[in-house]
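Just so it is clear: chains get the letters A, B, ... in the order the sequence lines come, proteins before strands, and each one is counted from 1.
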Amino acid sequence: MGKYNHSKIESKWQKIWEKDEINKTTEDKKKPKYYCLIEFPYASGEGLHVGHARGYTAMDVVARKKRAEGFNVLYPIGWDAFGLPTENYAIKTGVNPKIITKKNTDNFRKQLKSLGFSFDWSREINTSSPEYYKWTQWIFLQFFKHGLAYKKKMPINWCLSCKIGLANEEVVNGVCERCGGPVEKREKEQWMLAITKYAERLYDDLDKTEFLEKIKIQQRNWIGKSEGAEIAFEIKSKISNLKSENKNEVNVFTTRPDTLFGATYLVLAPEHEIISKLKSQISNFKEVEKYISETAKKKDIDRTAEGKQKTGIELKGIKAINPANKKEIPVFIADYVLAGYGTGAIMAVPAHDERDFAFASQMNADKKSQINADKIEIINVINPYPNSPVVGGIFPTGFHNFDTTTAIDEKTKKILAGNEIWTEFGVLRNSGKFDGMKSEEAIKEITKFVGGELKTTYKLRDWIFSRQRYWGEPIPLIFCELCKKSMENSKLQAPNSKEVPNSKSEIQNQKFNEGEILNPGWVVDEKLPLELPDVKKYEPNDNGESPLADIKEWVNVKCPKCGGPAKRETDTMPNWAGSSWYYLRYADNKNDKEFASMDKLKYWTPVDWYNGGMEHTTLHLLYSRFWHKFLFDIGLVPTDEPYVRRTSHGMILGEGGEKMSKSRGNVINPEDVVKKFGVDAFRLYEMFVGPYDQETSWSTNGVVGMVRFIERVCGLSEKIVDNENEGVNNYLNKTIKKVGEDIENIKFNTAVSSMMMFVNFVYDKNGISKENYKKFLKIFSPFAPHVTEELWAEMGEKESIQKSEWPKYDEIKENENFIVVVQVDGKIRDKFTVDNGLGEDEIKEKALSSEVVLKWVGDKKIKKTIYIKGKLVNIVTI
RNA sequence: GCCCGGGUGGCGGAACUGGUAUACGCGCACGACUUAAAAUCGUGUCCUGUAUGGGAUGCGGGUUCGAUUCCCGCCCCGGGCACCA
């Protein structure tokens with residue numbers, strides 16, 4: 001090969017590959033399948049980023065290697081096309097988002113093709129095309145019909161500048177994740193998906209996957225499982241007990257029923273429903289009401305701000321009974337107790353819970369509302385060290401002559417000073433017949449004793465699935481007043497029936513599915529796709545509704561059930577919808593009868609290896625796992641988890657180690673790099689830049705090094721000899737093994753460096769056999785597909801290098817000799833080469849006869865001599 | 001606050017189950033080729049000392065014949081969760 005001309009080689013082979021459709025896949029049942037998936041890009045106007053390329057290149061390397069190993073590899077690509085940036089651009093410019101999307105995806109496609117990824121372009125999908133979103137809508141209807149979608153009026157996070165309702169997860173530190181603007185609470189009717197019904201399985205089934213451990217941890221954190229118990233506290237009124245015949249109870253959720261004897265008061269969330277029920281018995285209800293309305297006005301950020309002092313107010317006139325010791329305890333409301341978690345009520349144990357302690361201290365400092373609870377009395381509930389009088393810093397009441405010589409750690413000191421409290425498990429004290437019992441056991445026993453119930457609670461909330469926006473999938477539901485009425489009438493006859501039984505009226509003869517019963521008046525529109533109509537203006541209207549609401553002829557329809565006047569839902573789906581199932585569509589992207597046929601899904605799914613950005617490892621991953629499990633439950637997909645393996649690549653920072661951004665002016669455009677240095681050098685650098693799962697910074701000089709390396713590989717074609725140095729074959733074997741393992745273990749950077757070392761070695765030995773050179777080209781080809789294809793052809797091969805097999809490596813022969821390092825007392829003093837046949841004793845002897853070693857040993861006595869096979873001898877003196 | 005990562009030359013970073021720390025690449029310096037430059041090739045490049053040597057993997061302890069690796073206590077950086085009972 002003459003001088004390495006990257007652009008010539010690249011355009012030549014890209015054309016050939018495209019013409020030959022070399023990466024088109026079919027369901028070849030003779031071969032085992034392997035499904036490689038990357039997160040499909042959101043085609044923004046900014047174009048492709050070096051961060052995209054990191055993940056795509058890595059999976060491209062994997063795909064190419066797997067093909068060479070005999071797998072039928074599916075490596076598809078498509079577009080996540082609904083989304084806010086496009087919509088915001090449409091609002092600003094008045095250009096139809098369809099047109100913007102077309103332009104952006106065309107640009108992305110061109111860029112991706114120029115990078116030589118081995119995608120099967122025939123399976124391309126676009127979430128904003130009606131052929132695709134027909135099925136997104138269809139799946140939503142299945143959720144609805146199975147009672148997993150429901151409309152609920154609830155306070156949502158409302159972004160003032162985007163004019164959009166945000167999911168909890170889109171609010172970061174109290175501001176809008178997208179625009180950074182302020183967020184306030186607003187009551188809105190929202191479609192919800194009942195993901196919480198799947199919380200347990202989403203949590204437990206992580207064990208079945210091979211996700212990176214940190215990804216599993218993030219998922220678990222988000223789901224937030226905690227095991228505890230629900231315990232009922234009886235509420236007593238001072239005014240009159242006769243008034244209420246049926247007794248009032250408050251259920252609390254606690255993870256620490258073992259500390260129940262130390263519960264000195266109860267706290268309810270201000271939104272707790274029992275408050276209005278007890279209105280007449282609360283003597284200070286005016287004040288209480290004031291507190292409640294103040295809370296309601298607060299933004300989440302204020303309510304949860306760190307270091308904020310706790311507030312609350314006692315409900316005077318009522319008391320609760322601690323079910324363990326039957327003591328009367330006061331009841332408070334406070335905004336540190338959240339309505340949406342557990343039961344919205346807690347038992348407070350100031351001696352063993354930091355928040356309760358902080359609240360109690362706060363209330364005691366306020367003279368107007370003394371808690372008649374004594375922290376000292378309570379602190380002795382637990383003795384974590386049963387055999388010691390000094391109990392982890394907690395001294396039993398009345399115990400004065402403790403041993404002051406016992407070591408007291410920092411935490412103990414703080415506890416003694418009254419600044420900290422004991423929150424760990426231990427052994428119970430001051431707990432009646434449970435004294436002496438360990439926490440673990442007491443949790444069960446005390447729960448049983450008071451008639452409570454062991455329970456698991458999750459932090460995960462249901463998914464707000466509505467957006468008051470234009471650029472999304474229309475929700476195919478219709479509201480019909482007549483159907484609502486007919487259902488309400490028939491409900492009286494058959495309240496628990498899933499389907500409404502026969503009734504007199506024609507309307508009431510209609511069958512209703514579970515979703516329709518759950519959401520009276522809402523009926524499904526089965527005519528899909530429900531296409532997004534064109535509008536004149538793209539921004540939400542003044543009522544905060546999507547612009548769809550203003551198209552009267554679209555909104556007003558005949559009810560598909562009863563033919564009466566009805567209205568369409570004007571909310572659209574969130575961006576997460578289309579991406580929750582796209583990997584299924586790739587298996588069968590042209591099917592217009594089903595979202596994908598079971599046959600094809602059985603062949604291709606689950607996804608064997610899914611790679612994406614760390615930023616999607618909580619939400620997108622969780623949402624798509626949820627959809628998949630649901631589809632599995634209704635028999636439409638063959639597995640209960642969508643992805644076997646999930647990895648995430650680290651971010652690539654700018655040259656200075658700062659995040660790449662337009663404003664910093666440090667954005668690296670892949671196109672520029674490719675133009676200057678070539679695709680192969682770019683790909684190689686993406687893999688070499690640093691440990692794959694960690695963030696690292698870009699260096700354009702580093703790319704230059706990759707060009708040099710490629711040129712050296714080309715140069716080897718001039719160094720082909722008949723009789724190569726023996727060492728070359730051994731080294732190659734070692735390299736084949738290393739590169740293969742490194743790819744599997746996502747250690748692409750060391751895979752590249754080991755190939756560099758091999759090439760350096762061959763230059764050193766000045767020759768390589770043709771056979772071995774070709775093997776090297778093969779293992780290099782996933783990283784640098786263009787130049788290796790060219791060199792492969794130069795070696796006289798007629799078929800593409802992509803069609804050839806991955807080379808086998810022979811286990812390396814034991815080296816004939818090796819270097820032994822000799823240490824004296826752990827310090828290296830000598831090295832020598834020994835023959836492989838030499839035994840331990842002979843090597844030790846040889847080490848001991850070394851002059852240098854003898855000098856260092858001197859007249860010290862030798863205590864022992866340690867030999868590590870094939871590595872070193874350490875002579876230890878006294 | 002809790003949970004994950006990470007801290008190694010001027011820089012990106014290597015180091016298998018505890019066994020030669022600094023591989024590979026970048027940069028830099030010097031040399032060769034050249035009228036010259038670029039490219040290329042070669043040599044050198046952790047610190048300290050003339051040197052045999054000594055000291056370095058965020059800091060302080062420990063275990064061990066031997067620790068970047070294991071244990072204990074801290075510090076710093078990145079990410080996730082966060083009044084979740």
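Regarding contacts with the backbone of B:A85, a side-chain N or O of A:S226 is found under 4.0 angstrom from either OP1 or OP2. Between A:R712 and B:C41 there is a side-chain N or O to OP1 or OP2 distance below 4.0 Å.
Side-chain proximity of A:L872 to B:C83, B:A21, B:G19: nearest is B:G19. Residue A:F253 places its side chain closer to B:A85 than to any other of B:A21, B:A85, B:G79.
Counting any heavy atom pair closer than 4.0 Å across all strands shown, A:D693 reaches no nucleic acid atom. Within the nucleic acid shown, A:K827 comes within 4.0 Å of sugar-phosphate atoms alone, with no base atom in reach, counting heavy atoms only. Contacts of A:K871 with the nucleic acid, taken as non-hydrogen atoms under 4.0 Å apart, include base atoms. Nucleic acid contact class of A:K659 (heavy atoms, under 4.0 Å, all strands): none. Nucleic acid contact for A:R708: sugar-phosphate only, since backbone atoms but no base atoms lie under 4.0 Å from a heavy atom of the residue. Residue A:G224 is out of contact with every strand shown, counting any heavy-atom pair closer than 4.0 Å.
By the 30° and 60° cut-offs, the orientation of the rings of A:F761 relative to A:Y731 is tilted.
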So which protein N/O to nucleotides 43-49 of chain B N/O distances come out below 3.5 Å?
none

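If you check distances only, the side chain of A:N701 never reaches the base of B:C26 with a donor-acceptor pair under 3.5 Å. In terms of polar N and O atoms assigned as donor or acceptor, the side chain of A:K864 never comes within less than 3.5 Å of the base of B:C65 in a complementary pairing.
No more than 12 heavy atoms of other residues, nucleotides or ligands lie within 6.0 Å of NZ in A:K455, so this atom counts as exposed by the packing criterion. Within a 6.0 Å radius of NZ in A:K197, no more than 12 heavy atoms belonging to other residues, nucleotides or ligands are found.
Remark: of the listed residues A:F780, A:F776, A:Y763, A:F776 is the sole one forming a ring-ring contact (aromatic ring centres under 6.0 Å, His included) with A:F758.
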